[in-house]
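Everything below concerns the one structure shown next.
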Number of protein chains: 2
Amino acid sequence: MSASETRQQIVEVADRLFYERGFEATSFADIAKQVGLSRGNFYYHFKTKDEILGAVIAQRRANTIALLEGWESDAASPAGRILSFVHMLIANRTRIMAHGCPVGTLCNELAKLDHAAGSQAAALFSVFREWLARQFAALGHAADADALALHLLMRSQGVAALATAFRDESFIRREVADMECWLKAQCRAASGRSRRSA
Amino acid sequence: MSASETRQQIVEVADRLFYERGFEATSFADIAKQVGLSRGNFYYHFKTKDEILGAVIAQRRANTIALLEGWESDAASPAGRILSFVHMLIANRTRIMAHGCPVGTLCNELAKLDHAAGSQAAALFSVFREWLARQFAALGHAADADALALHLLMRSQGVAALATAFRDESFIRREVADMECWLKAQCRAASGRSRRSA
DNA sequence: GTCTATATGGGGATAGAC
DNA sequence: GTCTATCCCCATATAGAC
């Protein structure tokens with residue numbers, strides 16, 4: 001197998017294990033075993049654990065950007081795009097109830113470890129934040145687009161955290177429905193304002 | 001020093017370190033050092049790390065119940081009591097921005113470790129949940145008291161998660177203000193309903 | 001590019017002297 | 001109740017043969 005293919009496999013397995021078990025709890029041996037590699041050979045591809053973490057975060061960032069671009073082309077309206085974000089909670093509910101939000105839990109873990117990559121992990125949130133802010137701006141909320149983006153991110157994080165603790169799928173669905181209501185209210189507020197100013 | 005005093009000191013130090021650094025990342029040596037105990041002597045008080053975790057969770061549970069009882073006597077109205085809960089985010093903002101919510105981050109970590117104590121940690125959420133539900137019921141929201149309690153818990157978790165990632169105090173204050181608005185709306189909805197049914 | 005063998009450090013946990 | 005000394009395991013990381 002070529003080096004780049006092996007490297008890619010390592011990153012994919014590490015990505016999954018860091019999510020399912022956490023960064024610290026995942027050992028080189030765990031990753032090497034699932035890739036089908038000896039521990040020794042592992043170091044040919046990655047010198048340190050932090051290097052793998054950096055590659056995993058970079059891949060998550062690229063995947064996130066691709067995901068958002070997909071939503072951008074799938075949905076015509078800003079509101080429809082924001083709904084795609086909200087419905088991610090339902091689409092990924094099983095994994096969320098088992099392991100939480102991949103971004104939120106990684107940020108929390110790295111914050112506690114005082115790890116240098118903490119800011120790069122937090123930047124994954126920024127990718128969502130800026131994309132959501134653009135959608136809210138397009139919706140007519142130019143002035144408070146960032147605050148609305150953060151508010152929705154906040155809700156998704158809260159839902160993920162409690163869904164993990166209580167393993168309650170109906171809670172997720174109820175809160176998603178509440179976010180849909182909230183979003184509709186934001187749409188009305190924006191169109192109401194534009195009518196008044198017209 | 002008496003055994004019970006030493007034990008209590010161990011639990012307090014472990015509680016703090018589990019919060020600040022995480023459960024797995026905290027070693028016996030870390031705790032022993034801060035208590036001023038040798039590693040060997042440590043095992044006189046606690047046989048396993050899980051035993052310490054159990055004691056820490058039990059203490060957190062007792063502290064939480066005491067906290068809620070304090071709010072119960074401090075504030076006369078259910079709305080005032082709920083506000084005490086909401087304002088906890090501001091009172092603890094510095095620690096939250098550094099290490100997240102003690103309950104949420106512990107639940108997340110234990111979920112990933114597939115640790116047996118995960119359900120006991122989640123029960124800490126239940127203490128808040130049931131207390132909040134009682135306040136909402138007293139407010140006149142008997143039918144959806146639990147859903148409202150979960151909704152507020154969800155928000156506090158979301159705020160804690162993003163506050164840790166972005167270290168943004170103004171975000172916390174803005175979302176707390178939004179929760180106050182939401183709470184007022186719930187009060188109006190309850191009193192409006194009771195007037196109509198009268 | 002992959003392997004085995006190994007160095008080194010730290011973790012949890014125990015035994016037994018004081 | 002506290003200590004030192006020690007065991008064992010597993011972690012990251014390296015060296016060098018193939």
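Note on naming: letters A, B, ... go to the chains in the order of the sequence lines (proteins, then strands), and numbering restarts at 1 for each one.
For residues 143-162 of chain A, the pairs satisfying salt bridge (charged side-chain N to carboxylate O under 4.0 Å, His left out) are A:Arg129-A:Asp146, A:Arg155-A:Asp178, with sequence neighbours left out. The stretch residues 159-175 of chain A participates, sequence neighbours left out, in these salt bridge (charged side-chain N to carboxylate O under 4.0 Å, His left out) pairs: A:Arg93-A:Glu169, A:Glu169-A:Arg173. Applying the salt bridge (charged side-chain N to carboxylate O under 4.0 Å, His left out) test to residues at least two apart or on different chains, the pairs with a partner in residues 53-75 of chain B are B:Asp15-B:Arg60, B:Glu72-B:Arg81.
Within residues 112-120 of chain A, no residue approaches DNA chain D, by heavy-atom distance under 4.0 Å. Interface residues of residues 29-43 of chain A facing DNA chain C, ordered by number: A:Leu37, A:Ser38, A:Gly40, A:Asn41; criterion, heavy-atom separation under 4.0 Å.
Residue B:Thr48 has its side chain nearest to C:dA13 when only C:dT2, C:dG11, C:dA13 are considered.
Straight-line distance from the CD atom of A:Gln9 to the C1' atom of C:dG1: 14 Å, rounded to whole Å. Atom CZ in B:Phe28 sits roughly 16 Å away from atom P in D:dC3 (whole-Å rounding). One can place CG of B:Asp50 at 13 Å from C1' of C:dA13, the figure rounded to the nearest angstrom. Put simply, NZ on A:Lys49 is 9 Å from C1' on D:dT12, counting in whole angstrom units. Protein atom NE2 of B:His45 is 9 Å distant from nucleotide atom P of D:dC3, rounded to whole Å. Between A:Phe23 atom CZ and D:dA11 atom P the separation is 14 Å, expressed in whole Å. Taking atom CD1 of residue B:Ile52 and atom C1' of nucleotide C:dG11, one finds them 13 Å apart after rounding to whole Å. Residue B:Lys47 contributes atom NZ, which lies 19 Å from atom C1' of C:dG11 at whole-angstrom precision.
Across all strands shown, A:Ser4 has no heavy atoms under 4.0 Å from either base or sugar-phosphate atoms. The residue B:Tyr44 sits close to a base: some heavy atom pair falls under 4.0 Å.
Every residue meeting the ring-ring contact (aromatic ring centres under 6.0 Å, His included) condition with B:Phe23, not counting sequence neighbours, appears here in chain and number order: B:Phe18, B:His115. Remark: A:His99 pairs with A:Tyr19 by the ring-ring contact (aromatic ring centres under 6.0 Å, His included) rule, at least two apart or across chains. Annotation: ring-ring contact (aromatic ring centres under 6.0 Å, His included) contacts of B:Phe46 (sequence neighbours excluded): none. Under the rule for a ring-ring contact (aromatic ring centres under 6.0 Å, His included), the partners of B:Phe28 that lie at least two apart in sequence or sit in another chain are B:Phe42, B:Tyr43.
Using cut-offs of 30° and 60° for the angle between ring planes, the B:Phe85 and B:Trp71 rings count as perpendicular.
Looking only at atom types and distance, the side chain of B:Glu12 has no donor-acceptor partner in the side chain of B:Gln59 under 3.5 Å away.
In this model, the phosphate group of C:dG11 is not approached by any side-chain N or O of B:Thr26 to a distance below 4.0 Å at OP1 or OP2.
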